[in-house]
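Have a look at the structure below before the remarks.
Counting starts at 1 for both ligands and their atoms, in listed order. Only this structure's heavy atoms are used, side chains among them; waters, hydrogens and symmetry mates stay out.
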Amino acid sequence: MNSIIHTKRIAFVGAGSMAEAVLRGLIERGITTPGQVFASNRQNEERLQELRERYGVEASCDPVVKRERISSADIVVLCMKPKDVEASFDELKPMLNGSQLLVSVIAGLTIRKIEILLDTQMPIVRTMPNTSSTIGLGATGMSFSESVSEEQQELATKMFEAVGMVTAVPEDYLEIVTGLSGSGPAYVYYFMEALIQAGIAGGLDENEARRLTMQTLLGAVHMVERTGEEPAELRRKVTSPNGSTLAALQTLDRYKFPEAVAAAVFSSAKRAKEMGAEIAPHIR
Ligand SMILES: NC(=O)C1=CN([C@@H]2O[C@H](COP(=O)(O)OP(=O)(O)OC[C@H]3O[C@@H](n4cnc5c(N)ncnc54)[C@H](OP(=O)(O)O)[C@@H]3O)[C@@H](O)[C@H]2O)C=CC1
Ligand SMILES: O=C(O)[C@@H]1CCC=N1
């Protein structure tokens, strides 16, 4: 068990997919115990029951319990949607203090805005994780407010390394991280859906098409990892002169595949910035 984290009490504010991804990763990898974790939401008791049953954590939306658990937590993780930030922060403000570490996973919300909205100079770690944290294979970009100490940087890094890889970036780059790896799993699933559908359209049964698709992606990712070769070089090795792969790649180019992917990444980044700007728009 990791010595820096295992004594810390962690309170999640927001109990949706991202909170579950991180808390599940932390618990299943033995980085923290269920007893150290508290999860809360606005009102969805059924969802809290689900988290209690699945992970053995304490979970409540009772205002008195919330106040007690959040104000006594060492790490408070903000996991609500951007649209719910303002209402949630109003409730949260009196529960926070300078000895806690605040971690945000909220897309687009800047450290400066968090400081202004919560009227605090407490240490803040702004992150952009992804849902693969659920199985310990997340990719998280992270930036720190000026008041985050080296020890707290290490703590936050360890927390997210427990659920995957972490890269620290200047805050301005967190939007592009959102476009690449935050939203990225969705593009990969979309690509998988398209491959499966193409296989089915070509006559394969769904299960076969699904298994072939999964193994193809898994194999390709491991090839990049294990051979250390660039994706472009590995692509060339699949592509025989005048062969079937070349025909396929030319078709993808006709549909402007690389441009489409780049445009998707930048659209996500742009939208993340907009979502941040839409939160308390009077603050610039
Ligand atoms: N999903 C993803 O892949 C990623 C998401 N993110 C970020 O994570 C954040 C959460 O996203 P996600 O988990 O998908 O969202 P979900 O909709 O799954 O969960 C949002 C949670 O916030 C809770 N909530 C809403 N209002 C309040 C409030 N006032 N006080 C306490 N809790 C509240 C909701 O509770 P209730 O149900 O009771 O309303 C719900 O549990 C977003 O800001 C998103 O930008 C970042 C990286 C990746
Ligand atoms: O779609 C969203 O807004 C969030 C941020 C990154 C992934 N999901």
Shortest protein heavy-atom distance from atom 38 (O) of ligand 1, along with the residue and atom involved: Q43 N, 2.9 Å
Polar proximity ligand 1 side, M18 side, N/O cut 3.5 Å exclusive: yes
Contacting atoms of ligand 1, where contact means under 4.0 angstrom from a heavy atom of A107: 43 (O), 45 (O)
Candidate with minimal heavy-atom separation from atom 47 (C) of ligand 1, of P129, G182, A272: P129
Shortest protein contact, atom 7 (C) of ligand 1 (heavy atom only): V105 O, 3.1 Å
Proximity flag M275 to ligand 2, non-hydrogen atoms under 4.0 Å: yes
Sub-4.0 Å heavy-atom approach of R47 to ligand 1: no
Salt-bridge criterion met for R47 and E20 (N-O under 4.0 Å): yes
Ligand 1 to S17 polar contact by distance, N or O atoms, under 3.5 Å: yes
Distance-only side-chain donor-acceptor flag, Q49 / E53, under 3.5 Å: yes
Ligand 1-proximal atoms of M128, by part, heavy-atom distance under 4.0 Å: side chain
Side-chain ion pair, E278 and K113, N-O less than 4.0 Å: no
More than 12 heavy atoms from other groups under 6.0 Å of CD on E46: no
Distance from atom 1 (O) of ligand 2 to nearest protein heavy atom, with residue and atom: S183 OG, 4.8 Å
Residue pair V13 / S88, side-chain heavy-atom distance below 4.5 Å: yes
Atom CE of M223: over 12 foreign heavy atoms under 6.0 Å: no
Side chain, backbone, both or neither: C79 near ligand 1, heavy atoms under 4.0 Å: backbone
Carboxylate-amine/guanidinium contact E171 R112, below 4.0 Å: no
Which residue and heavy atom of the protein sit nearest atom 1 (N) of ligand 1, plus the separation: T131 CG2, 4.1 Å
Polar contact flag for A87 and ligand 1 (N/O pairs, less than 3.5 Å): no
Shortest protein heavy-atom distance from atom 5 (C) of ligand 2, along with the residue and atom involved: A107 CB, 3.9 Å
Heavy-atom nearest option to atom 39 (O) of ligand 1, drawn from K66, R42, E46, M275: R42
Y173 atom OH, over 12 foreign heavy atoms within 6.0 Å: no
Any donor-acceptor pair under 3.5 Å from T245 side chain to V238 backbone: yes
Test of proximity, V13 against ligand 1: N or O pairs below 3.5 Å: no
Which residue and heavy atom of the protein sit nearest atom 24 (N) of ligand 1, plus the separation: M80 CB, 3.9 Å
Minimum-distance protein heavy atom relative to atom 25 (C) of ligand 1: D84 OD2, 3.4 Å
Nearest neighbour in protein (non-hydrogen) for atom 41 (O) of ligand 1: A15 N, 2.8 Å
Closer than 4.0 Å: a protein non-hydrogen atom to atom 3 (O) of ligand 2: yes
Heavy atoms from other residues, nucleotides or ligands near CD of E206 exceed 12 (cutoff 6.0 Å): no
Distance from atom 35 (O) of ligand 1 to nearest protein heavy atom, with residue and atom: N41 CB, 3.2 Å
Sub-4.0 Å protein heavy atom near atom 7 (C) of ligand 2: yes
Ion pair R54/E28, N-O distance below 4.0 Å: no
Atom 15 (O) of ligand 1 - nearest protein heavy atom and its distance: K81 CE, 3.3 Å
